[in-house]
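Single-structure report; data block below.
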Amino acid sequence: MQDLIIQVDENNNVIGLRPREDFYEGKFIHRSSHLLLFNSQSNLAIMKRSSSKRWYPNQFTFSVDGTVDDETTVECMKREIKEEIGLDLEFKELFTFRNKDNTNDEFATVFFEISDNKITPDEKEISEVKWVKLDWLKEDMANNSSKYTNAMLGGMKVYWEKYGTQLPF
């Protein structure tokens, strides 16, 4: 069965559904959902994408990344949290930003949650999980940006503009 995801216009209005493969060249805009998962010690979980991923293999990204199928960003986030890290979490929406590079064009919605539940990463999606402090991440992203996905770099820039190196709530 073909994987269909939502195509949107320049204003994030839904146009319709397209096969996932149509989006790999960055010629069409889609929606995505991302999770910033912190633990009670204010450490952020970042995930290294597996080498088999089409977009950004072997790069670090948000705790959870998901492309929106025929669903809302919230439904996508619930599904992806379960699939990628094996948890069932409540979460809050923080912001949406535009992420665009030569292979990807998306409106990315970033969510937030705090949990000390054990992560069980899907090995097809994630090759490594790291827990980091926000100030360490900010410095590492500045010094080693090629280790991170474009969405993570852009999303964290928006996060730091809004919240600094503090938790949002």
Residue pair [X] / [Y]: nearest heavy atoms and the distance that separates them:
X	Y	answer
Val129	Pro121	CG2-CG, 4.0 Å
Tyr163	Pro168	CE2-CB, 3.4 Å
Glu84	Ser63	OE1-O, 4.4 Å

Quick one: are [X] and [Y] in side-chain contact, heavy atoms under 4.5 Å?
X	Y	answer
Tyr56	Met152	no
Lys48	Ile126	no
Leu37	Ile85	yes
Tyr24	Thr103	no
Leu134	Tyr159	yes
Leu87	Asn117	yes
Asp69	Asp3	yes
Leu17	Ile6	yes

Out of curiosity, does [Y] fall in the hydrophobic cluster containing [X] (side-chain heavy atoms, cut-off under 4.5 Å, transitive links)?
X	Y	answer
Leu35	Met141	no
Trp131	Ile114	no
Phe60	Leu36	yes

Is there a donor-acceptor contact under 3.5 Å from the side chain of [X] to the main chain of [Y]?
X	Y	value
Asp116	Ser40	yes
Ser33	Gly66	no
Glu93	Thr109	no
Arg31	Asn12	yes
Glu75	Thr72	yes
Glu125	Glu123	no

Verdict with supporting geometry, Arg49 and Asp65, salt bridge (Lys or Arg N to Asp or Glu O under 4.0 Å): CA-CA 9 Å; Arg49 294 171 61 85; Asp65 266 341; 3.5 Å; yes

In Å and rounded to the nearest 0.5 Å, what is the [atom1] to [atom2] distance from [X] to [Y]?
X	Y	atom1	atom2	answer
Lys133	Asn43	NZ	CG	4.0 Å
Asn39	Glu113	CG	CD	12.0 Å
Gln59	Ser127	CD	OG	11.5 Å
Tyr148	Met156	OH	CE	10.0 Å
Leu44	Gln41	CG	CD	13.0 Å
Phe38	Ser115	CZ	OG	13.0 Å

Is the count of non-hydrogen atoms from other residues, nucleotides or ligands lying under 6.0 Å from Glu139 atom CD greater than 12? no

Counting neighbours of NZ on Lys124 that are heavy atoms of other residues, nucleotides or ligands and sit closer than 6.0 Å, is the number greater than 12? no

Just say parallel, tilted or perpendicular for the rings of Phe91 and Phe111, cut-offs at 30° and 60°. perpendicular

Lys138 vs Trp160, test: side chain to side chain contact (heavy atoms under 4.5 Å, CB included). Steps then yes/no. CA-CA 8 Å; Lys138 189 172 188 176; Trp160 287 315; 3.5 Å; yes

Test: Arg98 cationic atom under 6.0 Å from Phe107 six-membered ring centre, within 45° of axis: yes

Phe28 six-ring centre to Arg18 NZ/CZ under 6.0 Å and within 45° of normal: yes

side-chain contact (heavy atoms from CB on, under 4.5 Å) with Asn144: which residues, sequence neighbours excluded? Asp140, Lys147

Pick from Glu25, His30, Arg54: which one makes a side chain to side chain donor-acceptor pair (under 3.5 Å) with Asn104? His30

So that I know where these two stand, are Phe112 and Phe169 an aromatic pair - ring centroids less than 6.0 Å apart? yes

Is there a side chain to side chain contact (heavy atoms under 4.5 Å, CB included) between Phe62 and Met47 once you walk through the steps? CA-CA 6 Å; Phe62 295 96; Met47 310 296 177; over 6 Å; no

Going by an N to O cut-off under 4.0 Å, is there a salt bridge joining Glu83 and Arg79? yes

For Glu80, the option from Thr67, Asp122, Val64, Val68 that meets side chain to side chain contact (heavy atoms under 4.5 Å, CB included): Val64

Assess whether side chain to side chain contact (heavy atoms under 4.5 Å, CB included) is satisfied between Leu4 and Arg20, documenting all intermediate values. CA-CA 6 Å; Leu4 298 175; Arg20 177 177 297 276; over 6 Å; no

Side chain to side chain contact (heavy atoms under 4.5 Å, CB included) between Asp105 and Asn99, intermediate numbers included: CA-CA 6 Å; Asp105 193 352; Asn99 174 51; over 6 Å; no

